[in-house]
*Asks:* 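Have a look at the structure that comes next, please.
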Amino acid sequence: MIRFRNVTKHYPRSGNALEDISFHIRKGEFAFLIGPSGAGKTTALRLVHMETAPTGGEVTVSRYSSSRIRRREIPQLRRRVGFVFQDFRLLERLTAAENIAFALQATGAPRAEIRPKVMRLLGHVGLASRAKAYPGELSGGERQRVAIARALATDPLVLLADEPTGNLDERASIGVFELFRQLNALGTAVILATHDTTLLRRSPETRVLELESGRLVYDSASDAAARPARPSAGASPIFEFVADAADAPGRSETRQAGPEGPGGSAP
Amino acid sequence: MRPFREALVSLIRRPVLATLSVTAIGLSLFIVGLFGLTAHNISRALASVEEKVEIVAYLTDEIGEDQLRLVRTEIGAYPEVASVEYVSKTEALYNASRELTEFSDVFPDLEINPLPASLEIRLRPGHRTPGAVQEVAARLGSYEFVDDVRFGREWVDRIHTLRRIAGGTALVLGGSFAIVAMLLVGTTVRMSIHARSTEIAIMENVGATSGFIQRPFLVEGLISGVLGGLLAWALTYVAYRLLDRAVFAVLWLPDPWILAGILAGGILGMVAAQRSVRRELRNLYAI
């Protein structure tokens with residue numbers, strides 16, 4: 001459903017953000033996109049969302065291709081691809097319900113459908129009782145749930161989440177992550193870009209794509225068979241986690257080896 | 001309804017800037033209105049002068065009656081000509097003695113009549129322009145029995161030039177003001193876009209069409225423009241009343257002109273808004 005074919009993204013000022021990346025994410029799949037800051041995770045997500053076009057190669061999302069998509073088709077694509085940000089991006093002057101309704105209005109949903117759909121979405125993310133609360137009155141985790149509900153408003157095929165737990169404490173992070181897993185179980189594909197290795201440990205069977213300096217250095221779907229079960233010294237530190245996590249899920253001491261996210265959640 | 005509501009809210013939130021851009025549009029159209037008023041009044045004056053435009057072809061004394069009849073019929077058949085009036089030598093002398101009273105003593109003593117017979121030719125409306133008058137005069141001059149052709153050419157020329165100057169000045173001054181007005185409307189709209197950049201980013205993010213996103217800003221430009229047009233109308237009307245009372249009788253503008261002015265304001269505002277919206281949205285969310 002999402003395919004990167006030899007994708008290169010070059011920014012005129014800052015240089016190459018992605019270098020010859022290829023991978024495929026199937027319908028309903030869950031994948032982690034990991035790597036240190038500046039590795040190209042956000043660029044990869046923005047390419048899926050077609051906020052920017054690749055310099056080389058091709059990104060295809062459902063029936064849309066980065067090399068053929070027309071400007072006026074982009075809104076249609078974005079309705080099929082939900083986006084969740086680290087900083088939530090909620091409108092402070094609107095309540096939780098209104099923030100979700102805003103997305104429905106903006107995409108031309110019939111007036112009569114908006115209210116019931118907003119209530120259903122709030123129910124999905126476990127916030128049915130907080131419909132009338134303003135973002136300022138919600139906890140970080142709750143705000144992110146509202147943002148997720150908003151991203152789901154257009155019934156997307158895939159949710160892209162860029163460091164969705166970056167501003168949350170561990171408990172809230174786990175709650176939000178579990179929500180993504182539930183949504184995924186209901187059929188929505190999820191690509192979750194994160195620094196947060198706690199999440200990887202909670203879900204060792206999940207596919208992992210690791211970026212480093214713009215290159216795809218590890219893809220658990222294609223590399224797992226080729227790599228030894230326990231990598232030797234010098235292998236990707238993230239790979240070590242995954243391997244560790246597979247051996248002993250929940251071992252918290254492995255966390256310290258991971259890179260810290262911005263405002264990372266201290267245990 | 002949504003674009004109108006949002007546009008009004010946005011204008012009300014930035015009253016100073018909104019007032020500035022409405023005033024700028026108002027002033028630019030006011031300039032156009034003033035010169036429009038001038039041009040309109042000159043046009044009316046010109047029309048009444050043009051009605052009086054007549055060409056006089058003075059005939060030589062040698063012309064015979066048959067030739068005169070022939071020439072009159074021929075000239076009367078010109079598409080530009082409304083009427084041909086023959087003034088005989090006797091009539092000319094009579095007219096002269098009546099009009100030039102200071103010479104009334106001289107006329108009866110004349111042994112020969114020095115005044116030539118003439119044809120007074122009036123043109124149809126639409127053929128009273130300097131070009132047409134000159135053309136007919138030239139054709140008349142080519143007749144063998146026509147000695148001289150006279151018409152109020154300088155006057156017609158001068159009034160036409162005056163109207164052109166008024167029109168040109170309105171265009172140049174109004175145009176300059178219109179550019180300033182467009183820049184101001186553009187700035188107002190740009191501020192509105194910046195004030196709502198988070199909202200716009202979210203709309204883009206969830207897949208709102210660009211039409212949906214741009215419409216409130218275009219309506220904002222339209223509202224500023226129409227308000228500016230109304231302001232210009234009010235200012236022009238005040239100027240008209242002052243002129244009419246203090247200086248001389250002036251004619252007010254025809255209704256279609258006023259409507260066109262207000263419409264021009266709306267279009268001006270919308271075009272300015274569109275330019276800003278396109279540029280700002282590209283910057284905000286580049287692809």
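Since the structure is predicted, the reported quantities are computational estimates derived from the model, not experimental observations. In what follows, every chain begins at residue 1, and chains take the letters A, B, ... in the order their sequences are listed. Just so it is clear, the values below take in all heavy atoms, side chains as well, and ignore hydrogens, waters and symmetry mates.
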*Asks:* How many angstroms lie between OG in S210(B) and CZ in R71(A), if you round to the nearest 0.5 Å?
*Replies:* 7.0 Å

*Asks:* Salt bridge or not for R89(A) and E199(B), using N-O below 4.0 Å?
*Replies:* no

*Asks:* Taking atom CD of E204(B) and atom CD1 of I74(A), what is their separation to the nearest 0.5 Å?
*Replies:* 9.0 Å

*Asks:* Of all of N99(A), L104(A), L77(A), T107(A), which one pairs up most often with chain B through heavy atoms under 4.5 Å apart?
*Replies:*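 The residue among N99(A), L104(A), L77(A), T107(A) with the greatest pair count is T107(A).
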
*Asks:* If I compare all heavy atoms of M203(B) with all of F102(A), which pair ends up nearest, and what's the gap?
*Replies:* CG-CZ, 3.5 Å

*Asks:* Checking the side chain of R78(A) only, and the main-chain atoms of A208(B) only, is there a donor and an acceptor separated by less than 3.5 Å?
*Replies:*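 Here the side-chain-to-backbone pair does not exist.
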
*Asks:* Measure across T154(A) and V206(B) and return the closest heavy-atom pair with its distance rounded to 0.1 Å.
*Replies:* CG2-O, 3.9 Å

*Asks:* Can you tell me how far apart CD (E73(A)) and OG1 (T209(B)) are? Round to the nearest 0.5 Å.
*Replies:*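 Taking CD in E73(A) and OG1 in T209(B), the distance rounds to 14.0 Å.
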
*Asks:* Is it true that, when you exclude Y11(A) itself, more than 12 heavy atoms of the residues, nucleotides or ligands shown sit nearer than 6.0 Å to its OH?
*Replies:*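 Enclosed.
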
*Asks:* Within a 6.0 Å radius of atom CZ on R275(B), are there more than 12 heavy atoms belonging to other residues, nucleotides or ligands?
*Replies:* no

*Asks:* Just verifying a value: how many Å separate F83(A) CZ and I202(B) CD1, rounded to the nearest 0.5 Å?
*Replies:*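 Answer rounded to 0.5 Å: 13.0 Å.
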
*Asks:* Would you compute the distance between atom CD of E92(A) and atom OG1 of T198(B) and round it to the nearest 0.5 angstrom?
*Replies:*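 So the CD of E92(A) and the OG1 of T198(B) are separated by 9.5 Å.
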
